[in-house]
Amino acid sequence: METQERALFRAIAPSAQYRTHFCGELRKSNVSETVKLAGWVHRKRDHGGLIFIDLRDHTGIAQIVFEPHLSDIFRQVEHLRVESVICVEGAVIARAEDAINPNLPTGEVEVVVKSLSVESAAEPMPFPIADDVPTSEELRLKYRFLDLRREKLHRNILYRSKIISEIRRYLWELGFNEIQTPILTSSSPEGARDYLVPSRLHPGKFYALPQAPQQFKQLLMVAGFDKYFQIAPCFRDEDARADRSPGEFYQLDMEMSFITQDDLFKVLEGLFEHITTTLSQKRIMQLPFPRIKYLDAMNRYGSDKPDLRNPLVIDDVTAIFKNSSFKVFASNAEAGRCVKALKLKGRANEPRLFFDKAEEFAKKELGLPGLAYIRYKENGEVQSPIYKFLSDAEKEALINALRIETGDVVFFAAGAWEKTCKAMGAMRNYFAPLFELDKDLLAFCWIVDFPMFEYNEEEKKIDFSHNPFSMPQGGLEALLTKNPLEILAYQYDIVCNGIELSSGAIRNHKPEIMYKAFEIAGYSKEEVDKKFGHMIRAFQHGAPPHGGIAPGIDRIVMLYADESNIREVIAFPMNQKAQDLMTGAPSEVTPKQLRELHIKLDLPEKHK
RNA sequence: GGAGCCGUAGCUCAGUUGGUUAGAGCGCCUGCCUGUCACGCAGGAGGUCGCGGGUUCGAGACCCGUCGGCUCCGCCA
């Protein structure tokens with residue numbers, strides 16, 4: 001059977017000037033053939049009278065042998081450093097039984113070299129390529145082209161390529177069209193900070209790099225393309241995180257016409273099932289993905305991106321303490337406040353340090369005043385800093401509500417609803433290592449029914465909580481009759497193992513609903529016309545109902561490649577301060593360039 | 001903007017309560033070696049202990065500042 005490498009080879013290297021075979025494809029069946037190989041010197045073993053080189057190319061490693069009777073070649077090889085690029089020609093021979101290397105797919109054969117061409121002699125490496133030794137991030141980024149040669153990163157980048165390829169194949173077969181949208185566009189008033197590009201032809205005006213192709217993809221639906229997708233670069237001037245590349249990242253941007261939320265969910269579930277089965281050994285926990293209302297997610301998991309592999313669930317015990325003599329709990333039983341409990345089965349007898357560390361985490365990392373707990377110890381004793389403040393009725397109600405058994409421990413937090421939920425969610429994550437979560441289990445879920453609006457405490461006004469173009473549930477009537485903060489949107493997130501892969505929404509395609517929604521968020525009709533006139537005009541000329549989503553490509557690859565840092569799945573990432581340590585970006589430009597752009601610098605003191 | 005951790009040879013690291021000439025493994029250079037596959041053996045070169053200041057008889061170590069890398073908070077419609 002012809003290998004994939006072989007087929008590829010025929011396609012790209014018919015001339016055989018440099019090579020007739022890839023290193024990784026040589027097998028016993030090639031014995032006695034004369035072959036040409038080309039690649040990098042992975043390792044060299046010089047025995048004085050005999051030199052072995054592990055020759056590496058994109059497909060794998062082959063051992064080649066240099067014998068001393070070809071003295072010119074031999075002398076050259078003696079001084080050859082690792083990572084030099086060479087082309088060789090020689091005969092494939094079977095290795096002696098005791099010389100077979102079972103760790104290499106090509107380990108049953110080797111190539112006895114009869115001619116050599118050194119294409120590129122390498123200087124000593126700043127860090128080893130063949131050995132996976134830890135290396136400082138700074139060096140790795142500076143010499144990214146070398147780091148990319150190393151096995152893990154090389155594999156990750158190829159894996160990313162395969163995932164993107166399967167996404168394209170899958171969506172193409174479902175009738176999606178791949179369409180490019182502008183990179184130089186206009187600044188959007190909402191959202192993250194923009195990257196700006198000065199205009200030469202229009203002094204004082206700027207393009208913005210798109211934070212996402214949001215408006216363009218909706219306009220493509222208005223244009224009747226029915227189903228669109230794009231592997232879209234997105235630019236946001238925000239600070240980095242381990243799972244957030246600074247500056248730029250890629251989304252699988254999608255939009256479909258004449259669909260409901262359910263239709264979209266089916267497409268995405270099918271897509272992730274396809275990726276999982278074709279490109280991984282992982283298993284999807286539940287299909288179709290469970291759907292969790294935003295409110296339930298916050299109440300039960302303390303997060304809008306819960307890791308469902310974690311068995312812990314948060315309980316609401318506000319009602320129990322409504323009239324409690326324990327003031328800390330009772331005072332948090334009014335509207336908008338709550339008392340939450342997190343039960344850990346069978347952990348009451350953990351050592352003192354376990355509880356001290358949990359409390360320290362709650363105080364230091366979460367800013368909680370403390371972390372109350374009740375330990376129902378195995379010996380029947382109850383140990384707790386707050387137990388003495390509770391009435392017998394409250395103790396009884398707790399045991400019933402939380403189904404507490406001997407050996408359990410319950411942690412408590414009380415306060416404003418959102419803050420308390422999130423704090424308990426953080427504790428839930430803190431305790432997750434107790435459960436050895438299965439990394440091969442993909443716990444996808446949909447978070448649905450997000451609120452349309454939220455109250456901005458700082459500016460004392462109502463804001464859109466997510467995308468201003470989302471369709472409110474209940475349509476115009478809801479906007480006219482309901483308390484804005486209680487209106488839900490057809491707005492959803494897709495989450496897997498605690499990672500938010502994407503937000504999405506069924507869009508608002510009706511101008512009158514758009515004007516009203518923006519009015520609630522404090523925008524006049526004139527402002528909407530000014531900022532979003534093109535969207536309004538589009539929706540006034542025949543707009544289909546439509547909706548979409550845009551999962552982050554980098555995070556998807558991270559998830560499937562089991563990487564915890566996004567730089568491990570990006571070929572040329574920037575560092576935490578949004579600099580490219582390899583090319584030196586961002587860099588200064590010439591005065592002439594600035595003049596042409598009508599720009600004068602006004603630098604802060606320490607950069608002058 | 002804020003907090004934490006880290007910074008010693010090309011790389012990865014050790015360096016005791018502050019005490020003589022700062023070490024190891026890998027890499028590099030030289031020599032030896034015909035069956036290795038992390039080849040082996042011998043020898044050698046290689047250091048502004050990130051940088052600046054301070055404390056001290058004496059600082060790689062202690063203090064202050066600063067620079068660089070990472071992680072987190074803020075930020076991310």
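Labels below follow one simple rule: chain letters A, B, ... track the order of the sequence lines, proteins then strands, and each chain is numbered from 1. Fair warning: this is a prediction, and the values are worked out from it, not measured in the lab.
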Minimum heavy-atom distance between A:Leu153 and A:Arg567, given as atom pair plus value
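Minimum heavy-atom separation between A:Leu153 and A:Arg567: CD1-O, 4.4 Å.
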
Considering non-hydrogen atoms only, spot the tightest contact between A:Ala543 and A:Ala538 and give its length.
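Nearest pair, atom of A:Ala543 first, then A:Ala538: CB-O, 4.3 Å.
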
Less than 6.0 Å separating the ring centroids of [X] and [Y]?
X        : Y        : result
A:Phe74  : A:His69  : no
A:Phe249 : A:Phe235 : no
A:Phe464 : A:Phe518 : yes

Side-chain N or O of A:Arg45 closer than 4.0 Å to phosphate OP1/OP2 of B:rC39
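For B:rC39, OP1/OP2 do have a side-chain N/O of A:Arg45 under 4.0 Å.
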
Strictly below 4.0 Å: does A:Asn565 bring a side-chain N or O up to OP1 or OP2 of B:rU71?
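Indeed, a polar side-chain atom of A:Asn565 lies that close.
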
Please evaluate the base of [N] for a donor-acceptor partner in the side chain of [X] within a cut-off of under 3.5 Å?
X        : N      : answer
A:Arg236 : B:rC76 : no
A:Asp239 : B:rG74 : yes
A:Glu67  : B:rG35 : no
A:Arg81  : B:rC29 : no
A:Arg43  : B:rU36 : no
A:Arg140 : B:rC11 : no

Euclidean distance, atom [atom1] of residue [X] to atom [atom2] of [N] [Å, nearest integer]:
X        : N      : atom1 : atom2 : result
A:Arg149 : B:rC11 : CZ    : P     : 18 Å
A:Lys44  : B:rC33 : NZ    : C1'   : 14 Å
A:Arg95  : B:rC37 : CZ    : P     : 11 Å
A:Glu123 : B:rC11 : CD    : C1'   : 16 Å
A:Gln579 : B:rG68 : CD    : P     : 8 Å
A:Asn429 : B:rC72 : CG    : P     : 13 Å
A:Leu146 : B:rG10 : CG    : C1'   : 13 Å
A:Arg241 : B:rG74 : CZ    : C1'   : 7 Å

Write down the distance separating the [atom1] atoms in [N] and [M], rounded off to the nearest Å.
N      : M      : atom1 : result
B:rA42 : B:rG27 : P     : 14 Å
B:rU20 : B:rA59 : C1'   : 15 Å
B:rU71 : B:rC28 : C1'   : 34 Å
B:rA9  : B:rG60 : P     : 14 Å
B:rG15 : B:rG53 : C1'   : 25 Å
B:rG7  : B:rG50 : C1'   : 6 Å
B:rG65 : B:rG4  : P     : 11 Å
B:rG18 : B:rU56 : P     : 16 Å

Should [N] form a Watson-Crick or G-U wobble pair with both distances under 3.5 Å, which nucleotide is its partner?
N      : value
B:rC11 : B:rG25
B:rA38 : none
B:rU56 : none
B:rA3  : B:rU71
B:rG65 : B:rC51

Would you indicate what [X] reaches in the nucleic acid, counting non-hydrogen atoms under 4.0 angstrom: base, sugar-phosphate, or nothing?
X        : result
A:Asn103 : nothing
A:Gln214 : base
A:Phe52  : base
A:Asp463 : nothing
A:Asp54  : sugar-phosphate
A:Gln63  : base
A:Ala99  : base
A:Gln576 : base
A:Leu139 : sugar-phosphate
A:Gln215 : nothing

Go through the side-chain N and O atoms of A:Tyr515 and A:Asp529 and say whether any donor and acceptor fall under 3.5 Å apart.
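Distance-only check passes for A:Tyr515 and A:Asp529.
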
Are A:His47 and the base of B:rC39 stacked, counting only ring centres nearer than 5.5 Å and planes tilted under 30°?
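The ring of A:His47 is stacked on B:rC39.
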
Selected nucleotide, minimal atom distance to [X] side chain, candidates [options]:
X        : options                : value
A:Lys577 : B:rG74, B:rG68, B:rU12 : B:rG68
A:Leu50  : B:rC76, B:rU36, B:rU34 : B:rU34
A:Glu110 : B:rU71, B:rU36, B:rC28 : B:rU36
A:Glu138 : B:rC73, B:rU36, B:rG69 : B:rG69

Are A:Asn467 and A:Ser503 packed together at the side-chain level, in the sense that at least one heavy-atom pair is separated by less than 4.5 angstrom?
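Counting from C-beta outward, A:Asn467 and A:Ser503 never come under 4.5 Å.
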
Upstream residue (5' side of RNA chain B) when A:Ala242 and A:Thr135 are each assigned their closest nucleotide
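The 5'-side residue here is A:Thr135.
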
Could you check A:Pro128 against A:Gly48 and say which one's nearest nucleotide on RNA chain B is further toward the 5' end?
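That would be A:Pro128.
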
Quick check on salt bridge (Lys or Arg N to Asp or Glu O under 4.0 Å): which of A:Arg140, A:Lys152, A:Lys142 does A:Asp147 satisfy it with?
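With A:Asp147 as partner, salt bridge (Lys or Arg N to Asp or Glu O under 4.0 Å) holds for just one option, A:Arg140.
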
Just say parallel, tilted or perpendicular for the rings of A:His546 and A:Phe539, cut-offs at 30° and 60°.
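Plane angle between 30° and 60°, so tilted.
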
